[in-house]
Amino acid sequence: MTTRKTPTPELTLDPADWDSFRRLAHQMVDDMVEHLRTLHDQPAWQPMSGDVRHHLREPLPREGQGAEATYREFLEYVLPYSNGNRHPRFFGWVQGNGTPLGMMADMLAAGMNPHMAGFDQAPALVESQVLAWLTRLVGFPDSASGLLVLGGTMANVLGLAVARHARAGFDVREHGLQREGPRLVVYASTETHGWATKSVELLGLGRRSLRLIPVDAAFRMDLGALRQAIRADRREGLHPLCVIGTAGTVNTGATDDLPGLAALCQEEGLWFHIDGAFGALAAMSDALRPVVQGLEQADSLAFDLHKWMYQPFDVACVLVRDAAVHRAAFASSASYLATLERGVISGGLPFADRGIDLTRGFRALKVWMALKAHGVGLLAGLIEQNVEQARYLAERVSAHPELEFLAPVPLNIVCFRFKREGRDGDALNRVNQELLLRLQESGLAVPSSTVLGGRFALRCCFVNHRTRFEDIDALVEAVVRTGRRIVEEG
Ligand SMILES: Cc1ncc(COP(=O)(O)O)c(C=O)c1O
């Protein structure tokens, strides 16, 4: 007879006392709802004290202290010190804000915790439904295929990986790039987000294979220069593979001439990938759809839902027009994953066959709940409101003698700076950099920065459903007040 050495009681991570766990869980929900309700009264960002830094570096806990004590530490040392992106006056980078419903959806998704490679389960149908809705929203054909992934970077990498597979002219999956043959070349503009560089590195194409084409005064890719670059590469015996267009560039919100790029790709036999990280969702609005016209002509399209669909991190989408090509780029077979006719795996593992991840969380749930609970109408209205807010800031900048624009405002990003007669070049750059840091450190607002034509810009991006027009007034007043003070201080 075998004897079992079973600890008593047997070990588990479920609570020993469900009632007290329930009380704690309710408290957590109440605290977070209250935190979100009162965001406006909190600083947009606050630096961490030495005490916080000290507290968050400690030896590996060998013995647990229990959930309640750990939660109290979260409240004291973690919750007050985020980078601030949920706040109404956070305008930095392109960071989404999350929603109370999204927070609860993430809790439900984690509670349910399904394995999202596929399987015969309702969560897989939810993701398929979300993908079908998103396909519609951006004007892709119903036959397209897609996948929800971590973020815009990952969605773009996958799009480029499909392009590489589809247009390399040989079996990249079999041979890799370790073979003799013409260099594969990818074209993007100088305004393309940094994911493109990381991707060509990761996909083995190398940075030397990424041509960064110049932009015009509106920061849109110069199509003439693109055509010339493709021709020059062909003359050199290289293999042009793919053009990356952008709907909503990270610096200024510019959108390339997407129909023009689509036509050129068609003519030249190149894959057309669009990075629509935030811009693509402008297509949700009837009024803004013309700004991103041509999205629907891409071979692959990447966009975030944690940016301009306001969902909590992290969730983004890649769509590929030709579902068979998408699958061919990633599908794999392993005996332990083989589909059977009945049982749990009878749904197959369609999502695992459309990307790199096998195990994925149920990030589709928050998108499904958002679309059903809020509807496209409200989400599109918020996107329009954000664009109106950018225009309002632009008006306030142009009306103010001490402020100036550094770029056009085609969508939801405003790049501007404080100016002072007799100061320019590095001196003015230094004033604006100091101004930015003081604004952030004051907790009043968090713009970010960029450099345009050598000029340091305060950069405000509107992807925030909490921002009010009065927040923009407060920002303008603070910029002018702080700029004047810095100049006076010399
Ligand atoms: C235009 C653009 N592309 C790609 C990305 C990367 O997206 P993510 O941060 O979700 O990886 C961003 C991020 O701001 C972006 O603005």
Side-chain angles (χ1 to χ4, degrees), residues 83-85 90-98 102 134 138 146-161 186 188-202 210 212 215 218-221 242-256 258 261 273-283 291-292 294-295 298 300-319 355-357 360-361 363 366-367 383 386-387 390 407 409-415 446-450 452 457 459-464:
N83 66 306
N85 56 312
F90 186 95
F91 309 109
W93 302 276
V94 195
Q95 296 188 6
N97 345 114
L134 296 175
V138 298
L147 186 70
L148 296 182
V149 295
L150 198 80
T153 299
M154 196 47 83
N156 278 303
V157 172
L158 293 186
L160 198 56
V186 174
S189 90
T190 50
E191 290 296 300
T192 306
H193 188 275
W195 72 264
T197 307
K198 280 192 179 174
S199 299
V200 292
E201 291 170 4
L202 180 72
L210 181 63
L212 293 182
V215 291
F219 298 94
R220 292 152 54 102
M221 197 188 311
C242 167
V243 174
I244 299 167
T246 303
T249 58
V250 61
N251 265 339
T252 68
T255 292
D256 289 326
L258 303 177
L261 288 177
H273 174 78
I274 297 180
D275 171 14
F278 59 95
L281 288 178
V291 179
V292 292
L295 271 187
S300 53
L301 169 66
F303 52 99
D304 282 293
L305 304 161
H306 61 210
K307 288 187 166 63
W308 233 359
M309 206 186 266
Y310 312 103
Q311 292 310 298
F313 302 138
D314 33 42
V315 57
C317 179
V318 59
L319 295 178
I356 289 296
D357 294 319
R360 296 176 320 128
R363 47 173 76 98
K366 56 193 166 196
V367 185
I383 289 173
N386 284 150
V387 171
V409 182
L411 202 59
N412 61 336
I413 297 179
V414 186
C415 293
V446 180
S448 59
S449 64
T450 190
L452 297 169
R459 181 182 160 288
C460 286
C461 175
F462 293 87
V463 286
N464 193 328

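Each ligand, and each atom within it, is numbered from 1 in the order the structure gives. Values below: all heavy atoms of this structure, side chains included; hydrogens, waters and symmetry mates excluded.
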*In the protein, what heavy atom is nearest to atom 15 (C) of ligand 1, and what distance, to one decimal place, separates them?*
His193 CD2, 3.4 Å
_OG on Ser199 to NE2 on His273, rounded to 0.5 Å_ = 8.0 Å
_Those atoms of ligand 1 less than 4.0 Å from some heavy atom in Asp304_ = 7 (O), 10 (O)
*For Met221, which of Leu258, Leu212, Asp256, Thr249 qualifies under side-chain contact (heavy atoms from CB on, under 4.5 Å)?*
Asp256
_If we only consider heavy atoms of Trp195, is any one of them less than 4.0 Å away from an atom in ligand 1?_
yes
*Does Thr153 reach ligand 1 with a nitrogen or oxygen that is under 3.5 Å from one of the ligand's nitrogen or oxygen atoms?*
yes
*asked:* Within the structure, is a non-hydrogen atom of Lys307 found at a distance of less than 4.0 Å from ligand 1?
replied: yes
*Mind checking the CH2-CG spacing from Trp195 to Asn156? Nearest 0.5 Å is all I need.*
4.0 Å
_With the threshold set at under 4.0 angstrom, would you say Gly248 reaches ligand 1 through any of its heavy atoms?_
yes
*Looking only at distance, does His306 have an N or O less than 3.5 Å from an N or O of ligand 1?*
yes
*Within the distance-only criterion (no hydrogens, no angle test), does the side chain of Gln311 pair as donor or acceptor with the backbone N or O of Met309 below 3.5 angstrom?*
yes
*Determine yes or no for a side-chain-to-main-chain donor-acceptor pair under 3.5 angstrom, with Arg459 supplying the side chain and Trp93 the backbone.*
yes
*Would you say Asn156 and ligand 1 have an N/O pair spaced under 3.5 Å apart?*
no
*For this output row, return yes or no: ring centroids of Phe462 and Phe91 closer than 6.0 angstrom.*
yes
_Does any part of the side chain of Asn83, heavy atoms only, come nearer than 4.5 Å to the side chain of Phe90, both counted from C-beta?_
yes
*Nearest protein heavy-atom contact for atom 10 (O) of ligand 1: which residue, which atom, what distance?*
Gly152 N, 2.8 Å
*Kindly identify the option in Val157, Thr192, Leu150, Asp275 whose heavy atom sits closest to atom 1 (C) of ligand 1.*
Asp275
*From Phe278 atom CZ to Gln95 atom CD, the distance as rounded to the nearest 0.5 Å*: 13.0 Å
_Taking 4.0 angstrom as the limit and counting only heavy atoms of Val94, give me the atoms of ligand 1 inside it, by number and element._
14 (O), 16 (O)
